[in-house]
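Data block below; observations after.
When a residue number appears, it is its place in the shown sequence, counting from 1. Keep in mind that what you see is a predicted model, and the values were worked out from it rather than measured.
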Amino acid sequence: QLQLVESGGGLVQPGGSLRLSCAASGFTLEHYAIGWFRQAPGKERAGVGYITSTDGRTDYAYSVKGRFTFSRDNAKNTAYLQMNSLKPEDTAVYYCAAGFDFPHGLGDYFGEDEYDYWGQGTQVTVSS
């Protein structure tokens, strides 16, 4: 079964940190870009950013730039989202997604339609 399994969500105080993991099973992530998305209560799902497969290039939504970091470990078939300096407005369900981007890249790395596989989502709650 081809799937992405997310873990690492939870409750954290403002200013705290969390690391989300996104593990692939049934396929290798080597040639897949990993996109991260989130859906806050009452809002549509929105792109947080991505990391490419070809050169590990990253890009971030303005709201998380400088606080969030994407990484990947192809040997472990896993991608990561490190979240620091968390704010209450970061509260959301976070999703990882994999899109085959080798060698020509994706048309729009923030576009949900570009991704083939999705994780189940993990809740992140930032509250005191």
Side-chain angles (χ1 to χ4, degrees):
Q1 187 175 3
L2 310 179
Q3 61 179 351
L4 296 173
V5 179
E6 296 181 58
S7 60
L11 173 64
V12 63
Q13 292 187 342
S17 298
L18 279 176
R19 189 177 80 157
L20 306 184
S21 298
C22 174
S25 65
F27 69 106
T28 176
L29 286 180
E30 183 179 4
H31 295 316
Y32 283 81
I34 302 299
W36 290 90
F37 298 80
R38 67 185 182 184
Q39 186 166 21
K43 296 187 178 180
E44 293 188 355
R45 190 161 58 188
V48 178
Y50 62 86
I51 180 167
T52 66
S53 74
T54 50
D55 55 4
R57 176 171 52 89
T58 57
D59 195 12
Y60 300 86
Y62 178 81
S63 59
V64 306
K65 198 167 290 187
R67 299 187 298 120
F68 288 13
T69 303
F70 308 127
S71 62
R72 60 191 301 153
D73 185 339
N74 288 340
K76 294 184 178 179
N77 220 24
T78 300
Y80 304 96
L81 167 54
Q82 177 68 43
M83 303 183 291
N84 298 329
S85 301
L86 282 161
K87 305 175 181 180
E89 51 263 43
D90 294 318
T91 295
V93 177
Y94 283 74
Y95 299 88
C96 65
F100 192 83
D101 72 337
F102 179 84
H104 301 299
L106 300 180
D108 175 9
Y109 280 91
F110 279 92
E112 294 188 23
D113 290 345
E114 301 281 1
Y115 293 90
D116 306 302
Y117 304 105
W118 287 79
Q120 80 281 12
T122 187
Q123 177 70 46
V124 172
T125 302
V126 185
S127 175
S128 55

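In plain terms, the two heavy atoms of S128 and P14 that are nearest each other are N-CD, 3.7 Å. Listed here is the closest heavy atom pair of F102 and F100: O-CE2, 3.0 Å. Across all their heavy atoms, S21 and T78 have their closest contact at CB-CG2, 4.3 Å. For A33 against L106, the heavy-atom pair with the smallest separation is CB-CD1, 4.2 Å. Residues G119 and Y95 share a closest heavy-atom pair of O-CD2, 3.7 Å.
Contact annotation: the side chain of I34 never approaches that of Y115 to less than 4.5 Å [non-hydrogen atoms, C-beta and beyond]. You'll find the side chain of L11 reaches within 4.5 Å of the side chain of S127, heavy atoms only. Residues L20 and V124 are in side-chain contact: their nearest non-hydrogen atoms beyond the backbone lie under 4.5 Å apart. Between S25 and Q1 there is no side-chain heavy-atom pair separated by less than 4.5 Å.
Residues Y32 and F110 do not share a hydrophobic cluster, defined by chaining ILVMFWY side chains whose heavy atoms lie under 4.5 Å apart. By the rule that hydrophobic residues join a cluster once side-chain heavy atoms approach within less than 4.5 Å of another member, L29 and Y80 end up as members of separate clusters. Residue F27 is not grouped with residue W118 when hydrophobic side chains (ILVMFWY) are merged at heavy-atom distances under 4.5 angstrom, including chains of intermediate members.
Atoms SG and CD, from C96 and E6 in turn, are 4.0 Å apart once rounded to the nearest 0.5 Å. Annotation: the span from Q120 atom CD to L4 atom CG amounts to 9.0 Å, rounded to 0.5 Å.
Between Y109 and the choices D59, T58, D101, the side chain to side chain donor-acceptor pair (under 3.5 Å) rule is met once, by D101.
With hydrogens and angles disregarded, no donor-acceptor distance shorter than 3.5 Å links the side chain of N77 to the backbone of E30. A donor-acceptor pair under 3.5 Å is formed between the side chain of E114 and the backbone N or O of D108. Judged purely by atom type and a 3.5 angstrom limit, Q82 has no side-chain atom pairing as donor or acceptor with the backbone of R19. Proximity of a side-chain donor or acceptor of T122 to a complementary backbone N or O of S7 within less than 3.5 Å is not detected.
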Next item on the list: Would you please test Q13 and L86 for side-chain contact (heavy atoms from CB on, under 4.5 Å) and show each step?
Entry: CA-CA 8 Å; Q13 292 187 342; L86 282 161; over 6 Å; no
Would you list the atom pairs, donor with acceptor, under 3.5 Å between side chains in residues 35-52 and any protein atom, with sequence neighbours excluded?
{"unit_1": "R38", "atom_1": "NH1", "unit_2": "D90", "atom_2": "OD1", "d": "3.0"}
{"unit_1": "R38", "atom_1": "NH1", "unit_2": "Y94", "atom_2": "OH", "d": "2.9"}
{"unit_1": "R38", "atom_1": "NH2", "unit_2": "S63", "atom_2": "OG", "d": "3.4"}
{"unit_1": "Q39", "atom_1": "NE2", "unit_2": "K43", "atom_2": "O", "d": "3.1"}
{"unit_1": "R45", "atom_1": "NE", "unit_2": "E112", "atom_2": "OE1", "d": "3.3"}
{"unit_1": "R45", "atom_1": "NE", "unit_2": "E112", "atom_2": "OE2", "d": "3.3"}
{"unit_1": "R45", "atom_1": "NH2", "unit_2": "E112", "atom_2": "OE1", "d": "2.9"}
{"unit_1": "Y50", "atom_1": "OH", "unit_2": "R57", "atom_2": "NH1", "d": "3.0"}
{"unit_1": "T52", "atom_1": "OG1", "unit_2": "D55", "atom_2": "OD1", "d": "2.7"}
{"unit_1": "T52", "atom_1": "OG1", "unit_2": "G56", "atom_2": "N", "d": "3.2"}
{"unit_1": "T52", "atom_1": "OG1", "unit_2": "R57", "atom_2": "N", "d": "3.0"}

